[in-house]
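Single-structure report; data block below.
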Amino acid sequence: MSSMLLIDWLTPWEFSPTLLFVFFVGIVLFVRGTRVHRVSKVRQAFFWIGIVFLYLSLHTRVDYYAERMFFIHRLQHLVLHHLGPLFIMGAYPGQVLRAGLPMSWRLRLRDFRNSRSGQITQAVLTNKILVPVLFVVLVIGFLIPTVQFYSMLDWRLYRLMNWSVVISGFMYWNLILDRRPSPPAVLSPGGRIISPVVTMVPQMIVGAIITFTERDLYPIFDLCGRAIPGMTAVTDQAIGGLTMWVLAGFIEVFGLLFALATLMRLSAKNRLPNKQDKLRGRTSLAAPIS
């Protein structure tokens with residue numbers, strides 16, 4: 001009986017070959033890469049935890065309940081936007097995934113990254129202003145009642161919503177969890193501390209507004225049929241708002257503390273740029289090219 005129940009939970013609500021292909025490619029590349037690079041057990045555990053979180057949230061029965069309960073929808077996005085990408089990027093998988101590629105593909109990737117179009121692509125995906133803005137706007141934007149209504153009705157918009165928050169989560173945590181000085185890191189160590197504060201505050205404010213609103217902002221969940229009939233729309237909404245207000249804020253605080261620890265570690269190793277370094281950099285930029 002319990003095994004049947006587990007199978008029911010793991011059965012995809014909406015089967016997606018594309019999603020399975022993405023997971024399969026990522027897993028194969030990571031496994032192949034671990035045979036080339038030495039990857040600690042902790043990093044490997046982070047990667048697999050993140051993969052499991054994302055898969056359970058996107059391709060199981062959880063998706064059914066996320067379409068019919070606002071607070072489950074918020075928990076789903078907490079995983080898609082915060083926890084899943086946080087764990088995977090905490091495994092620092094970039095070099096490992098590249099090592100898992102066939103040699104011909106690695107050479108093509110190297111050539112692309114060195115090309116003009118590749119540099120522009122990297123600059124956009126790691127832009128220190130664009131990435132945090134997208135991280136916040138994509139979450140808050142899809143919570144606008146009208147946008148949420150149509151996103152839940154149209155499967156194309158629904159998948160766009162879920163994929164966009166996952167991708168923006170990867171982009172954001174890639175910047176925040178960077179342990180290097182700047183350069184080569186895009187964000188300075190101080191910027192990595194400030195960024196979680198800037199992104200956390202709007203999400204907490206919106207979460208608080210949703211929590212204390214005493215009218216149903218999202219009637220689409222009644223239209224679809226709530227999965228927990230005894231729970232009122234306002235109660236469902238309040239729990240969902242608290243999820244965004246408290247739990248998402250807590251994860252952002254973790255990002256802040258991690259960035260603070262990185263700053264302290266770099267300072268202890270004297271790897272933070274000082275005024276003389278900055279002055280030399282400006283002088284070298286101002287010097288004529290012979």
Side-chain angles (χ1 to χ4, degrees), residues 12 14 16-30 46-60 62-63 66 73-98 100-101 109 112-113 117-144 147-148 150-152 154-178 185-187 192 195-196 198-200 202-203 244 248 251-252 255:
E14 291 183 0
S16 173
T18 304
L19 189 65
L20 283 179
F21 177 75
V22 171
F23 274 98
F24 177 77
V25 170
I27 289 170
V28 169
L29 291 182
F30 187 80
F46 280 177
F47 179 82
W48 293 115
I49 290 171
I51 287 290
V52 170
F53 275 178
L54 290 181
Y55 183 84
L56 291 177
S57 298
L58 287 169
H59 211 238
T60 63
V62 170
D63 205 32
H73 179 64
R74 287 293 89 213
L75 286 171
Q76 181 194 43
H77 273 226
L78 180 73
V79 172
L80 299 181
H81 194 236
H82 284 73
L83 276 179
L86 172 63
F87 272 108
I88 291 177
M89 298 313 297
Y92 299 99
Q95 190 178 27
V96 182
L97 293 174
R98 284 195 297 272
L101 289 169
L109 178 61
F112 173 74
R113 294 181 65 186
S117 57
Q119 291 174 358
I120 293 174
T121 301
Q122 291 181 77
V124 171
L125 294 179
T126 59
N127 186 278
K128 61 183 179 182
I129 303 298
L130 176 64
V131 171
V133 168
L134 279 178
F135 185 73
V136 175
V137 167
L138 285 172
V139 169
I140 295 177
F142 281 110
L143 283 173
I144 298 171
V147 177
Q148 179 85 68
Y150 288 108
S151 298
M152 301 300 288
D154 190 325
W155 67 269
R156 292 163 297 188
L157 289 175
Y158 184 76
R159 289 189 177 180
L160 173 65
M161 172 177 63
N162 286 345
W163 278 91
S164 65
V165 296
V166 172
I167 293 170
S168 68
F170 279 125
M171 292 163 60
Y172 179 74
W173 293 113
N174 177 53
L175 296 185
I176 302 301
L177 298 182
D178 199 328
V186 175
L187 273 177
R192 280 169 252 169
S195 186
V198 174
T199 57
M200 173 174 53
Q203 295 180 77
M244 186 174 180
I251 296 172
E252 295 272 9

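What you are looking at is a predicted structure, and each value in this text was computed from that prediction instead of being measured.
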A side-chain contact here means heavy atoms from C-beta on lying under 4.5 Å apart; do [X] and [Y] qualify?
| X | Y | result |
| --- | --- | --- |
| Leu78 | Ile251 | yes |
| Val139 | Met244 | yes |
| His77 | Leu80 | yes |
| Phe112 | Thr121 | yes |
| Phe135 | Leu175 | no |
| Arg74 | Leu143 | yes |
| Pro202 | Ile140 | yes |
| Phe142 | His73 | no |

Looking only at heavy atoms, what is the nearest atom pair of [X] and [Y], with distance?
| X | Y | answer |
| --- | --- | --- |
| Gln76 | Ser57 | NE2-O, 2.8 Å |
| Leu58 | Asn162 | CD2-CB, 4.0 Å |
| Ile27 | Trp48 | CG2-CH2, 3.5 Å |
| Leu138 | Ser164 | CD1-O, 3.6 Å |
| Leu187 | Ser195 | CD1-CB, 4.4 Å |
| Pro196 | Thr199 | O-OG1, 3.2 Å |

So, taking the atom named [atom1] in [X] and the one named [atom2] in [Y], what distance separates them when rounded to the nearest 0.5 Å?
| X | Y | atom1 | atom2 | result |
| --- | --- | --- | --- | --- |
| Trp173 | Asp178 | CH2 | CG | 13.5 Å |
| Leu19 | Arg159 | CG | CZ | 8.0 Å |
| Phe46 | Ile88 | CZ | CD1 | 12.0 Å |
| Arg156 | Ser151 | CZ | OG | 12.0 Å |

Q: Report the C-alpha separation of His82 and Tyr172 in whole Å, then their side-chain angles, then the decisive distance to 0.1 Å, and conclude whether the ring-ring contact (aromatic ring centres under 6.0 Å, His included) test is met.
A: CA-CA 9 Å; His82 284 73; Tyr172 179 74; 8.0 Å; no

Q: Please name the residue in the list Val165, Val166, Ile167 that meets the side-chain contact (heavy atoms from CB on, under 4.5 Å) test with His81.
A: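 It is Val165; the other options fail the test.
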
Ignoring hydrogens and angles, write down the donor-acceptor pairs under 3.5 Å from the side chains of residues 49-56, residues two or more places apart or on other chains.
{"unit_1": "Tyr55", "atom_1": "OH", "unit_2": "His59", "atom_2": "ND1", "d": "3.3"}

**Q.** N/O donor-acceptor pair under 3.5 Å between Gln122 side chain and Arg113 backbone
**A.**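 Indeed, once roles are kept as given, a pair shorter than 3.5 Å links the two residues.
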
(Q) Pair Leu157, Val147 - check side-chain contact (heavy atoms from CB on, under 4.5 Å), show working. (A) CA-CA 9 Å; Leu157 289 175; Val147 177; over 6 Å; no

Q. Phe170: what forms a ring pair (Phe, Tyr, Trp, His ring centres under 6.0 Å) with it, not counting sequence neighbours?
A.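 Partners of Phe170 by the ring pair (Phe, Tyr, Trp, His ring centres under 6.0 Å) criterion come out as none, since no residue qualifies.
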
(Q) Asn174 vs Thr126, test: side-chain contact (heavy atoms from CB on, under 4.5 Å). Steps then yes/no. (A) CA-CA 8 Å; Asn174 177 53; Thr126 59; 4.1 Å; yes

